[in-house]
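As a basis for the values below, the full set of heavy atoms in this structure was taken, side chains included, without hydrogen atoms, waters or symmetry mates.
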Amino acid sequence: MTDINRITGETVLLDSDFHTLADDHEALAMVAWGHRRGNVRLAGITVVTGNTWARISATEARHALGVLGLSDEVVVREGASQPLLHRQSDFEHRSQMHGAAYGGAWDPSPVFPHEGHTLTGDARSEGCNHHAVTFLSDFVLRNETPVTVVAIGPLTNVALALRLCPEIAQNIGRVVCMGGAFYVPGNVTPSAEFNWWFDAEAARIVLESDLKLDIVPLDATEGLVFDATRYGHWSDRFGSHPFFRSYHHSKFSRVLRDNPEFELPVWDAVTTAYLLDPDIATVAEDLWATVDCVEGPSYGRVVFYRNAHDFNLPDPERPPARVILQIDVERFWDLYETSVFDSLAVVG
């Protein structure tokens, strides 16, 4: 059973390629629940291009905060609209050559705002003075206590902040990130997970920085899926709940009717569940990790070492990353039901 009374006192910045009809929304709901209970303090959301464009993400995040009743407490800042080096113009070629199955914002059928929610003036570019990277750097430097960065999209914003203002590393308590595939195949190419593939150079910068890293890769998320059984259970138990109606029913009812075998990982929600309840991890390893940035079929692939000497670090200042490999499935769903359906009881 999840200890829902766990208080960490962590100040959290959520960095996300946010979309209301994606797992980012579930992840935000969980953090919002922790925020309202005093488990953590959600200070801001920075958005980055990944699953969809950063400008759309900013609008979607503001909409979600409004539904959650947190618009006056949590700021949203639009961040990097493109990866550091990875180019959209390469996507079609890489798809043909290396099997890139999904391009996020670059896909011919990208994720757009949900029905009834269109882009407004709030989605305009906010300029450099309000840019997510500037906000992240300033906030971390000025906060009285170390800040936890929860990164559930490509790591472009975090990498740019570390390059713009390297001293922020001293006041980042830890980075909890969803990314990578260590012992399992990738989900965008056979060798790479989407977040770290979309901006492999940024992932490399963050992984090789002197930071405390907690990584939730595909190894932990692929074994934990939403499926027809879960949908049926929730339909019976939460069928009239506004979030079930607006999210699960609208998104999955037709899909599951046409394909009862359909299942989908809840990647980002696993990451925020681990933030709120680290004991949810049942198997983890301490590893030094980086990402292959060579253009080709291994672009975005995780490279890791169990021994710092193998990583050419005879006396490493930076610690290994804590890599979560397995999650307590029932404990996760218990926390998900408690936090998501409670947080979003006001939806509608």
Side-chain angles (χ1 to χ4, degrees), residues 15 17 48-51 80 82-108 110 151-160 162-163 175-211 213-223 265 267-268 270-271 283-313 316 318 320-326:
D15 188 69
D17 50 348
V48 64
T49 293
N51 280 323
Q82 297 286 352
L84 298 181
L85 295 177
H86 199 182
R87 296 177 301 181
Q88 182 180 3
S89 58
D90 293 341
F91 176 60
E92 184 176 354
H93 169 73
R94 292 191 184 196
S95 298
Q96 294 172 353
M97 294 294 294
H98 312 312
Y102 171 66
W106 298 344
D107 196 81
I152 54 177
L155 289 167
T156 317
N157 286 337
V158 182
L160 285 169
L162 287 166
R163 286 294 189 254
V175 175
V176 182
C177 59
M178 192 280 127
F182 283 72
Y183 296 102
V184 300
N187 64 352
V188 63
T189 69
S191 60
E193 176 273 333
F194 174 76
N195 285 344
W196 291 3
W197 169 88
F198 195 81
D199 195 343
E201 287 77 15
R204 185 167 186 170
I205 288 171
V206 175
L207 290 171
E208 295 189 12
S209 296
D210 187 12
L211 295 167
L213 289 165
D214 290 346
I215 300 171
V216 180
L218 295 184
D219 307 67
T221 63
E222 294 297 290
W267 302 277
D268 295 342
V270 178
T271 307
V283 177
E285 289 188 33
D286 292 332
L287 302 169
W288 281 270
T290 188
V291 172
D292 189 339
C293 294
V294 176
E295 187 171 330
S298 293
Y299 183 80
R301 177 177 64 93
V302 173
V303 180
F304 65 89
Y305 304 86
R306 296 183 180 86
N307 188 305
H309 294 272
D310 296 334
F311 202 22
N312 198 26
L313 295 172
R318 67 182 176 92
R322 187 67 170 167
V323 181
I324 310 306
L325 298 174
Q326 290 185 24

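In this structure, W106 and H86 have perpendicular ring planes: the angle between them is above 60°, well past the 30° mark. Ring-plane geometry between Y102 and F194 is classed as tilted, the angle between the planes lying from 30 to 60 degrees on a 0 to 90 degree scale.
Side-chain contact between L84 and L160: present, with at least one pair of heavy atoms (C-beta onward) separated by less than 4.5 Å. Between E222 and W267, some side-chain heavy-atom pair lies under the 4.5 Å cut-off. Between C177 and W196 there is a side-chain heavy-atom pair separated by less than 4.5 Å. Residues F304 and I215 have side chains not in contact (no heavy-atom distance under 4.5 Å, counting atoms from C-beta outward). Between I324 and V270 the shortest side-chain heavy-atom distance does not fall below 4.5 Å.
The closest donor-acceptor contact from the side chain of D292 to the backbone of R301 lies at 3.5 Å or more, if one exists at all. The backbone N or O of P297 sits less than 3.5 Å from a side-chain atom of S191, completing a donor-acceptor pair. The closest donor-acceptor contact from the side chain of D219 to the backbone of F182 lies under 3.5 Å. Without hydrogens or angle criteria, D17 side chain to N51 main chain gives a donor-acceptor distance under 3.5 Å.
Closest approach of F198 to G103, counting heavy atoms only: CE1-O, 3.7 Å. Nearest heavy-atom pair across M178 and E193 is SD-OE2, 3.9 Å. Of all non-hydrogen atoms in A203 and V291, the two that sit nearest each other are CB-CG2, 3.9 Å. Nearest heavy-atom pair, G50 versus P154, reported as atom, atom and distance to 0.1 Å: CA-CG, 3.8 Å. Considering all non-hydrogen atoms of both residues, T290 and R204 come closest at OG1-CG, 3.3 Å. Counting all heavy atoms, side chain and backbone alike, A181 lies closest to L218 at CB-CD1, 4.0 Å.
With respect to R322, the side chain to side chain contact (heavy atoms under 4.5 Å, CB included) criterion is satisfied by exactly one of V216, L213, D286, V176: D286. For the side chain to side chain contact (heavy atoms under 4.5 Å, CB included) criterion with N157, the lone passing option out of D15, V206, D199 is D15.
To the nearest 0.5 angstrom, L287 atom CG is 11.0 Å from L207 atom CG.
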